[in-house]
Asker: 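Shown below is the structure under consideration.
Lettering of chains follows the sequences in order, A, B, ..., and the numbering in each one begins at 1. Both backbone and side-chain heavy atoms feed into the values below; hydrogens, waters and symmetry mates do not. Here the structure is a predicted model, which is why all the values come from computation and not from measurement.
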Amino acid sequence: MSDYGITSREKDFSQWYLDIVQRAELGDHSPVRGCMVIRPNGYAIWEKMQAALDGMIKATGHRNAYFPLFIPESFLKKEAEHVEGFAPECAVVTHGGGRLLEEPLMIRPTSETIIYHMYAKWIQSYRDLPVLINQWANVVRWEMRTRLFLRTTEFLWQEGHTAHATPEEGEEETRRMLDVYRRFAEEYMALPVLMGKKTAAEKFAGALRTYSIEAMMQDGKALQAGTSHNLGQNFSRPFEVRFQDESQQWQYCWQTSWGVSTRLIGALIMAHSDDQGLVLPPRLAPIEVVVVPIWSSDEQQQAVRAYLEEVRGQLDGRVSYHIDDRDQFKPGWKFAEWELKGIPLRLEVGPRDVAKRGAVLVRRDTREKQMLSLEDVGTAVREALDHMQRDLFDRALAFRREHTYMADVYDDFQTTISEKPGFTWAHWCGGADCETRVAQETKATIRTVPFEPEDGLETQDAPPPEQGRCIVCGQPSLRRVLWGKAY
RNA sequence: CGGGGUGUGGCGCAGUCCGGUAGCGCACCUGCUUUGGGAGCAGGGAGUCGGAGGUUCAAAUCCUCUCACCCCGACCA
């Protein structure tokens with residue numbers, strides 16, 4: 001019963017991940033290296049994510065727009081750090097219409113440059129601010145090593161780009177959207193995340209500051225699940241995104257950008273799924289309930305089919321469901337199949353249920369069975385979905401806490417990092433050298449620097465500020481930062 | 001780019017060392033029996049053995065080159 005062609009997590013975690021992607025038909029390799037086909041099962045999850053997040057982005061005052069795929073090569077070069085960070089991984093178009101182009105076109109790795117070029121045209125006055133725009137788009141980054149959903153050459157994402165009159169507004173926006181991502185991860189993905197600041201080494205190329213949400217996968221590794229950047233005036237200066245303030249002075253805008261990508265589907269898989277297949281949080285499941293009718297004789301089939309109409313009455317308008325009445329598969333086969341695909345609930349309806357005027361409800365995550373009477377089906381299903389959503393979050397949070405450690409001296413830190421998959425809180429002086437040394441010696445990097453009480457955002461589960469010494473150099477440190485191996 | 005591995009019906013694999021009529025399981029098609037945890041029997045269809053050269057009477061198998069994918073490392077959401 002355990003071997004349906006999925007490698008167990010214990011045996012080989014990354015093979016398990018790839019098996020889920022293939023067997024649940026979420027995605028597949030394309031003929032082009034590193035590129036991914038998102039299959040209908042995977043895309044349906046992305047559409048659920050888009051719908052929820054798009055609503056949250058609009059609720060915070062943003063509007064959607066679309067900017068082009070091609071970026072003049074010269075644009076990317078205008079911000080020094082930005083070009084240094086992205087040029088090596090850009091795809092470049094040199095020909096069009098059979099002729100060599102005068103200026104090569106970069107395929108966007110991200111859209112700051114092209115968008116801010118346009119902002120410069122649109123913004124004249126403080127009355128034009130803030131500009132709050134989001135776009136859903138594809139981007140291309142020529143990565144060395146790819147993995148379906150987690151890192152692919154082309155991926156889908158949303159990128160928000162805003163312009164403000166003051167640095168305070170920019171900072172506020174950066175944090176607001178980070179918190180939107182946290183809420184989305186927690187409430188829809190059932191994924192607990194740690195918010196915080198990125199170190200200089202990990203920040204976005206061209207940003208003043210980068211914030212992120214970090215999640216723990218079942219192998220104890222960290223996954224950056226969303227980022228929000230305070231760009232300061234780093235782009236508004238080279239792109240001349242300026243406005244006249246109330247006193248007729250020309251000022252450069254204060255800007256932000258923020259994004260999440262199809263990588264979140266990878267996060268979903270690695271956070272919740274098991275050796276039987278995909279486990280989806282109900283709020284992102286394309287189908288919430290699959291109904292599997294059971295019969296043998298024709299008379300039974302007629303009775304069950306008639307009864308199914310009553311069951312539908314319980315489900316219609318309350319949940320999204322699918323009735324799997326294919327005759328070529330036996331019920332047991334269907335059970336396994338829908339579990340593999342991650343559908344949260346299964347409702348079994350057979351002759352015994354017709355006789356008792358009931359149904360059997362089974363949860364995907366716990367495989368717990370519940371006998372229902374017909375008139376309770378609608379509410380029981382709704383309740384089970386809510387419970388499952390909450391349980392997935394609680395389980396993931398408990399897992400993260402169980403796999404989070406403290407270390408005070410470097411020896412201890414190294415042992416913990418190498419022997420215990422997970423996160424480690426340890427003191428750090430703030431120096432790039434110490435960070436680099438740890439990365440080289442242990443493969444662990446600083447995933448996040450917790451917010452301070454006065455920041456207005458809280459890094460849940462972070463140890464409070466305290467006097468300590470950097471685990472590498474021994475210099476004084478005022479707080480522990482989060483270390484871990486990352487995807 | 002470096003190290004390791006794999007390419008053989010749709011999928012998973014054996015066969016390669018030691019050259020000699022391409023095989024197994026699943027899936028698929030037909031029929032009958034089945035249906036509350038991946039059904040059984042009988043019959044059937046399907047493969048230029050990743051690609052290109054070479055050696056040989058003869059190549060999935062030996063030699064050379066090449067391509068793709070996976071795993072581990074260097075880059076990253």
Asker: What does Phe204(A) touch in the nucleic acid at a heavy-atom separation under 4.0 angstrom: a base, only the sugar-phosphate, or nothing?
Answerer: nothing
Asker: Return the 5'-most residue of the pair Ser296(A), Lys334(A) with respect to RNA chain B, ranking by each residue's nearest nucleotide.
Answerer: Ser296(A)
Asker: In terms of the angle between their ring planes, are Phe235(A) and Phe239(A) parallel, tilted or perpendicular, with boundaries placed at 30° and 60°?
Answerer: parallel
Asker: In whole angstroms, how far is the P atom of G36(B) from the CD atom of Gln301(A)?
Answerer: 14 Å
Asker: When the C1' atoms of G44(B) and A27(B) are considered, how many whole Å apart are they?
Answerer: 14 Å
Asker: Is there a Watson-Crick or G-U wobble partner for U55(B) with both distances under 3.5 Å, and if so, which one is it?
Answerer: none
Asker: Check the distance between G37(B)'s P and Glu348(A)'s CD and give it to me in whole angstrom.
Answerer: 8 Å
Asker: Could you please name the partner base of U21(B), counting Watson-Crick and G-U wobble pairs only when both distances are under 3.5 Å?
Answerer: none
Asker: Can you check the Arg23(A) CZ to C26(B) P distance for me, whole Å?
Answerer: 15 Å
Asker: For G10(B) and C67(B), measure between their P atoms and round to the nearest Å.
Answerer: 25 Å
Asker: OP1 or OP2 of G38(B) sitting under 4.0 Å from any side-chain N/O of Lys330(A)?
Answerer: no
Asker: Should the pair Glu214(A)-Lys198(A) be classified as a salt bridge under the 4.0 Å nitrogen-to-oxygen rule?
Answerer: yes
Asker: Does the structure show a Watson-Crick or G-U wobble partner for A74(B), both distances under 3.5 Å? Name it, or say none.
Answerer: none
Asker: With a non-hydrogen cut-off below 4.0 angstrom, is Pro351(A) in contact with a base, only sugar-phosphate, or nothing?
Answerer: base
Asker: Rounded to whole Å, how long is the line connecting atom CD of Gln328(A) with atom P of G38(B)?
Answerer: 17 Å
Asker: For residues Gln302(A) and Asp298(A), is any side-chain donor paired with an opposing acceptor at under 3.5 Å?
Answerer: no
Asker: Ignoring hydrogens and angles, state whether a donor on the side chain of Thr174(A) or Arg176(A) is under 3.5 Å from an acceptor on the partner side chain.
Answerer: no
Asker: Looking at side-chain heavy atoms only, is the closest gap between Ile417(A) and Glu441(A) below 4.5 Å?
Answerer: no
Asker: Determine the contact category for Gln300(A): base if any of its heavy atoms lies under 4.0 Å from a base atom, sugar-phosphate if only primed atoms, P, OP1 or OP2 are that close, otherwise nothing.
Answerer: nothing
Asker: How does protein contact run along nucleotides 66-76 of chain B, one letter per nucleotide 5' to 3', with B for base contact, S for sugar-phosphate only, - for none, heavy atoms under 4.0 Å?
Answerer: ---SSSSBBBB
Asker: Using the side chain to side chain donor-acceptor pair (under 3.5 Å) criterion, which residues pair with Glu310(A)? Sequence neighbours excluded.
Answerer: Arg357(A)
Asker: Rounded to whole angstrom units, what separation is found between the CG atom of Asp325(A) and the C1' atom of U35(B)?
Answerer: 14 Å
Asker: Considering only the P atoms, how many Å lie between U48(B) and G23(B), rounded to the nearest integer?
Answerer: 14 Å
Asker: Distance only, no hydrogens: is a donor on one side chain within 3.5 Å (strictly under) of an acceptor on the other, for Ser296(A) and Gln300(A)?
Answerer: yes
Asker: What is the nucleic acid contact for Thr153(A), judged by heavy atoms within less than 4.0 Å: base, sugar-phosphate only, or nothing?
Answerer: nothing
Asker: So His229(A) and Phe204(A), would you call those rings parallel, tilted or perpendicular, with 30° and 60° as cut-offs?
Answerer: parallel
Asker: May I ask which nucleotide in the shown strands pairs with A14(B), Watson-Crick or G-U wobble, both distances under 3.5 Å?
Answerer: none
Asker: Could you pick out which residue, Gly350(A) or Ala225(A), lies toward the 5' side of RNA chain B when each is mapped onto its nearest nucleotide?
Answerer: Gly350(A)
Asker: Work out how far the P atom of A14(B) is from that of C57(B), and round it to whole angstrom.
Answerer: 32 Å
Asker: Taking C13(B) as the reference, what is the distance to G54(B) when you measure between their P atoms (whole Å, please)?
Answerer: 32 Å
Asker: Would you mind classifying the nucleic acid contact of Val260(A) as base, sugar-phosphate or nothing, using non-hydrogen atoms under 4.0 angstrom?
Answerer: nothing
Asker: Partner lookup for G7(B), please. Criteria are Watson-Crick or G-U wobble with both distances under 3.5 angstrom; report none if nothing qualifies.
Answerer: C67(B)
Asker: Taking the same atom, C1', in C65(B) and in A46(B), what whole-Å distance lies between them?
Answerer: 32 Å
Asker: Between C62(B) and A68(B), how many Å separate the two C1' atoms, rounded to a whole number?
Answerer: 23 Å
Asker: Could you work out the separation of G9(B) and C49(B) based on their C1' atoms and round it to a whole Å?
Answerer: 10 Å
Asker: Would you kindly give the CZ-to-P distance between Arg326(A) and C28(B), to the nearest whole Å?
Answerer: 11 Å
Asker: In the structure shown, which nucleotide is the Watson-Crick or G-U wobble counterpart of C41(B), with both distances under 3.5 Å?
Answerer: G31(B)
Asker: Hey, is the side chain of Arg346(A) pairing donor to acceptor with the base of G37(B) inside 3.5 Å?
Answerer: yes
Asker: Parallel under 30°, tilted from 30 to 60°, perpendicular over 60°: which one fits the rings of Trp483(A) and Trp428(A)?
Answerer: perpendicular
Asker: Looking only at side chains, do Glu112(A) and Thr110(A) share a donor and an acceptor under 3.5 Å apart?
Answerer: yes
Asker: Output the rounded distance in Å from CG (Asp327(A)) to P (U33(B)).
Answerer: 13 Å
Asker: What is the distance, rounded to the nearest whole Å, between atom CD of Glu299(A) and atom P of U35(B)?
Answerer: 13 Å
Asker: Provide a list of protein-nucleic acid N or O atom pairs under 3.5 angstrom, restricted to nucleotides 10-12 of chain B.
Answerer:
none

Asker: Answer yes if the ring centres of Phe70(A) and Phe75(A) are under 6.0 angstrom apart, and no otherwise.
Answerer: no
Asker: Do Thr113(A) and Met106(A) touch side chain to side chain, with heavy atoms closer than 4.5 Å?
Answerer: no
